[in-house]
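Reviewing the structure listed below.
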Amino acid sequence: MPSTAPEAAGMTLVVHVAAAVIRGEQQRILIARRPVGKHQGGLWEFPGGKVEPGESVESALARELLEELGITVEAARPLIKIRHDYPDKSVLLDVWEVTRFAGHAHGVEGQPVAWVMPEALPGYRFPEANLPIINAARLPDRYLITPEGLTPQALLEGLARALAQGVRLVQLRAPGLDEASYRELARQALVLCQGRAWLMLKGPLHWQDEFPEAGWHLTARQLREPLQRRPGGWLAASCHSEEELRLAAEAGVDFVTLSPVQSTASHPGSPALGWEQASALLQGCRLPAYLLGGLGPQMLSRALAAGAQGVAGIRSFWPA
Ligand SMILES: Nc1nc2c([nH]c(=O)n2[C@@H]2O[C@H](COP(=O)(O)OP(=O)(O)OP(=O)(O)O)[C@@H](O)[C@H]2O)c(=O)[nH]1
Ligand SMILES: [Mg+2]
């Protein structure tokens with residue numbers, strides 16, 4: 001698709017930028033240092049540059065990475081799009097994950113480059129717009145939500161199987177359990193997940209202090225309550241509308257689920273968004289978002305094309 005960059009959105013000129021999260025060995029990611037004197041100079045960045053008029057974002061990405069790093073892109077997929085207003089400039093960062101490339105990556109323009117582990121990214125200074133990119137680069141493309149109606153024992157057994165299959169992000173959802181049983185289950189699940197996957201818990205925010213290693217997944221209702229963000233684990237939220245996506249962004253959550261994309265057995269009463277509306281909502285959302293609701297792993301490429309971080313699932317992701 002031809003680019004409209006720089007595009008006029010109302011009165012604001014938005015500079016369309018193609019940027020790359022380049023994966024190398026051991027999942028390391030290439031970052032480069034912006035020359036002092038340039039916009040956001042001296043900070044680290046994901047390599048890339050402006051999309052030229054008439055150029056597609058994929059061509060721009062390939063051209064910029066050849067110019068700046070001397071590499072040829074062989075495989076890439078959309079990761080996240082971030083619209084950001086700096087005091088002096090508005091950008092649309094169109095970020096792609098480069099999963100395969102040829103050539104030896106080096107700073108062609110003399111800029112320092114570094115291959116860093118995803119979890120080390122938060123230790124580098126990036127431009128203000130980049131935080132969601134860092135989160136998107138660290139998060140996996142599948143988010144498992146545990147099915148309801150299972151005993152704690154069955155939940156732990158299923159969780160162990162899911163971890164063995166490589167699941168890296170899990171939400172412990174067990175609405176049928178009383179509070180004490182849920183908290184006990186959470187403690188055991190955290191032990192299972194340690195060093196293998198991130199565990200997201202649900203419940204009142206004052207429980208968080210009991211589970212410092214856990215992430216927290218807020219309900220849409222909790223998004224409307226006063227929120228105290230704690231340092232440490234991930235903070236996520238369940239969103240179903242444009243308003244909730246906006247509240248999540250304002251609350252500073254790290255990622256969201258957007259649901260229901262299709263109608264599901266677990267939530268029969270909720271009207272589905274459908275793919276078209278889900279994609280439209282993602283266009284306006286700067287946070288990594290997992291699509292949820294009647295989707296399975298086979299819908300991953302469609303979700304990525306719609307602008308999602310990936311797919312979240314309950315039954316379809318639960319190991320048999
Ligand atoms: N490449 C890149 N640009 C970023 C990032 N984050 C961010 O805010 N930007 C902003 O996006 C714009 C694109 O910048 P660029 O300087 O790379 O563009 P370019 O390669 O075409 O450079 P040029 O202006 O020297 O031709 C800049 O205003 C920059 O500050 C990032 O992670 N990577
Ligand atoms: Mg550049």
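Both ligands and their constituent atoms are indexed starting at 1 by order of listing.
Within the 4.5 Å cutoff, the side chain of Glu109 has heavy atoms near those of the Glu68 side chain. Residues Phe46 and Ile133 have side chains in contact (heavy-atom distance under 4.5 Å, counting atoms from C-beta outward). Side chains of Phe126 and Leu121 form a contact here, defined as non-hydrogen atoms less than 4.5 Å apart. Side-chain atoms of Leu169 and Met200, non-hydrogen and from C-beta on, do get closer than 4.5 Å to each other.
The CZ atom of Arg34 sits 4.5 Å away from the CD atom of Glu45 when rounded to the nearest 0.5 Å. Atoms CZ and CG, from Phe255 and Asn135 in turn, are 9.0 Å apart once rounded to the nearest 0.5 Å.
Under a 4.0 Å N-O distance rule, the pair Lys50/Glu64 does not qualify as a salt bridge. Taking the charged nitrogens against the carboxylate oxygens, Arg246 and Glu242 have no contact shorter than 4.0 Å, which rules out a salt bridge.
For ligand 1, the 4.0 Å heavy-atom shell takes in Val17, Arg34, Lys38, His39, Gln40, Glu45, Phe46, Gly48, Gly49, Lys50, Glu64, Glu68, Tyr86, Lys89, Val91, Leu93, Pro127, Asn130, ordered by chain and residue number.
For the Mg ion (ligand 2), protein N, O or S atoms closer than 2.8 Å were enumerated as Gly48 O, Glu68 OE2, with waters left out.
Taken together through direct or relayed side-chain contacts under 4.5 Å among Ile, Leu, Val, Met, Phe, Trp and Tyr, Tyr143 and Leu163 form parts of separate hydrophobic clusters.
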